[in-house]
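A short write-up of the structure that comes next.
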Number of protein chains: 2
Amino acid sequence: MQAAVVSVPVAMASEAERPAKLRRVTTADAIFDRLYADILALRMPPGMPLQEKRIAEEFNVSRTPVREALLRLSEGGLVDIYPQSGTVVSRVPVSAIPEAVVVRKSLEGTTVERAAEIATPADIGRLDAIISRQRSLAALGDTSAFHEEDEAFHEAISGIAGYPGIWTILRTVKVQIDRARRLTLPVLGRMDNVVHEHGLIRDAIAAHDADAARAAMMHHLSAVIPDVAELRTQYPDYFC
Amino acid sequence: MQAAVVSVPVAMASEAERPAKLRRVTTADAIFDRLYADILALRMPPGMPLQEKRIAEEFNVSRTPVREALLRLSEGGLVDIYPQSGTVVSRVPVSAIPEAVVVRKSLEGTTVERAAEIATPADIGRLDAIISRQRSLAALGDTSAFHEEDEAFHEAISGIAGYPGIWTILRTVKVQIDRARRLTLPVLGRMDNVVHEHGLIRDAIAAHDADAARAAMMHHLSAVIPDVAELRTQYPDYFC
DNA sequence: CGCAATAAATTGATATACTAGTATTCACGA
DNA sequence: TCGTGAATACTAGTATATCAATTTATTGCG
């Protein structure tokens with residue numbers, strides 16, 4: 001099943017304070033990561049049918065860890081499990097995207113304000129490093145690596161603000177938006193715009209101007225809203 | 001299978017499903033709901049060791065659905081699973097509580113503003129009904145039922161705003177706060193204060209005054225922050 | 001063609017056994 | 001006596017086989 005909307009977030013602090021006893025990577029974790037990446041990269045497009053048994057054979061494991069991975073993906077809204085029927089890669093719920101954008105604006109607005117208040121020069125340096133890498137990747141046209149750095153930028157701001165758990169929530173919320181955005185990111189010049197907007201956010205944080213930082217973030221988040229109407233006509237099978 | 005007969009309030013929240021495919025309640029769901037309720041009500045206190053095998057025997061089911069339930073609880077931060085070692089009810093991460101409050105303020109602030117903008121008289125009526133029930137429950141001193149109505153109030157506001165997915169996030173974030181709050185809720189007069197604060201929020205929404213609604217919500221959320229320092233000395237085993 | 005009976009397919013759950021780490025115990029030696 | 005370390009008893013992770021419950025596809029008959 002799929003919660004139709006912004007899916008269940010992983011609780012904050014569950015991973016963060018594992019007392020030095022680092023959780024070892026289980027088979028189920030590996031399967032999850034692989035499927036997660038494949039779905040996000042659209043190598044497994046929305047609507048694609050999945051089967052526990054087939055995946056188990058493909059990875060040479062039993063159904064058990066595959067099932068665990070699929071259940072976790074289901075909670076994240078990336079797959080829909082229909083009992084006694086089948087499992088499919090979930091279609092992107094277009095109706096939930098506006099809500100997801102609202103969540104991002106709310107949380108990232110709060111976060112960037114706080115970051116602007118307490119950022120240190122070292123923090124600014126880390127942001128600069130990310131932006132620098134993004135500039136290079138934009139020039140190379142490496143959209144995949146660029147997207148990773150984009151995530152790193154937003155995660156870094158959460159870290160600067162002292163709200164690492166908020167990033168955990170945002171990552172979950174962002175997934176559906178990102179799946180849609182993956183279809184539009186190749187648009188020429190978009191990556192350069194992102195780099196520029198990140199620079200504005202960075203400058204506002206460096207200047208400890210909370211209001212400007214929020215404004216820059218709001219503008220940035222508004223700019224990356226995918227045009228769902230157009231996408232829907234272009235990839236009708238990928239949305240619902 | 002006897003456990004399926006054990007009637008557990010499955011509807012801990014809206015499982016608003018698509019009409020076509022409705023998901024039946026699985027054994028794992030029932031186990032999850034039961035454990036979730038027991039942990040939240042502190043019938044299973046933080047630090048209490050759990051064992052898949054023992055729980056399975058207790059519910060007369062196999063390990064499989066128990067395991068699925070524990071994995072979901074783990075993602076929600078309610079239990080900590082140590083591979084090849086054991087599972088325990090998680091201690092409340094005190095360091096995460098302030099962050100959780102920030103998330104609540106951010107999201108519920110956004111939500112209540114939107115609700116104030118578009119609330120209909122019928123919506124106000126629903127809020128009034130909840131507040132009315134809370135007033136009765138406060139008089140009776142039924143803290144458990146009162147808490148359920150408290151959840152209903154905040155969920156209703158999310159619904160009015162048209163952001164049902166935000167409630168899903170909030171519920172997850174609220175859990176850790178609520179676990180701590182359960183130790184302080186019996187404070188005399190607190191329930192009456194909550195009723196009053198809910199009334200102020202309701203009035204602001206009814207008046208379509210977004211600013212006042214946000215202010216009332218901020219005040220409300222600030223008032224229910226548990227005194228972690230005191231709790232930590234009073235229940236040292238429950239926090240980390 | 002319509003439709004009901006039937007077969008196939010798939011997830012949900014059970015039972016069992018085994019693996020691989022983890023924590024405890026307890027005898028042993030400095 | 002006090003560690004120390006190896007044997008030992010857990011516990012979660014995985015594998016396998018099997019059945020149950022349900023949905024979906026197929027078949028065959030009127």
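A quick note: this is a predicted structure, and the numbers were derived from the prediction, not measured. Order of the sequence lines fixes the chain letters, A, B, ..., with proteins taken first and strands second; residue numbering starts at 1 for each chain.
Taking atom CG on B:Leu71 and atom C1' on D:dG13, their separation rounds to 10 Å, with Å as the unit. Atom pair A:Lys53:NZ and C:dA8:P shows a separation of 14 Å (rounding to whole Å applied). Residue A:Glu68 contributes atom CD, which lies 14 Å from atom C1' of C:dA13 at whole-angstrom precision. Between A:Asp29 atom CG and D:dA12 atom P there is a gap of 16 Å when expressed in whole angstrom units. The CD1 atom of B:Ile55 sits 12 Å away from the P atom of D:dT11 (whole-angstrom rounding). Between A:Glu52 atom CD and C:dA13 atom P the separation is 11 Å, expressed in whole Å. In this structure, A:Leu70 places its CG atom 12 Å from C1' of C:dT10, rounding to the nearest Å. A:Leu50 has its CG atom 18 Å from the P atom of C:dA9, to the nearest Å.
Contact check on B:Glu155 versus B:Arg171 returns no salt bridge, with no Lys/Arg side-chain nitrogen under 4.0 Å from an Asp/Glu carboxylate oxygen. Looking at A:Arg182 and A:Asp178, no side-chain N of the basic residue comes within less than 4.0 Å of a carboxylate O on the acidic one, giving no salt bridge.
Side chains of A:Lys105 and B:Thr110: a donor-acceptor N/O pair is absent below 3.5 angstrom, by distance only. A:Ser158 and A:Thr111 form no side-chain donor-acceptor contact under 3.5 Å, judged by distance and modelled atom types alone. Side-chain contact of A:Arg179 with A:Ser90: a donor-acceptor pair under 3.5 Å is present, judged by distance alone.
Between D:dT14 and A:Thr27, a contact under 4.0 Å exists linking OP1 or OP2 to a side-chain N or O. Remark: A:Ser85 is not in phosphate contact with D:dT23, judged by side-chain N or O atoms under 4.0 Å from OP1 or OP2.
Toward the 5′ end of DNA chain D lies the nearest nucleotide of B:Thr87, the other residue of the pair B:Thr87 and A:Arg63 mapping further downstream.
In the set C:dG12, D:dA12, C:dT10, C:dG12 carries the atom at the smallest distance from any side-chain atom of A:Ile81. Considering only side-chain atoms of A:Pro65, the nucleotide from D:dA15, C:dT11, C:dT14 that sits closest is D:dA15. Of the candidates D:dT11, C:dG12, C:dA13, D:dT11 carries the atom nearest the B:Gln51 side chain, counting heavy atoms from C-beta on.
Taking only distance into account, the side chain of A:Gln84 never meets the base of D:dT23 through a donor-acceptor pair shorter than 3.5 Å.
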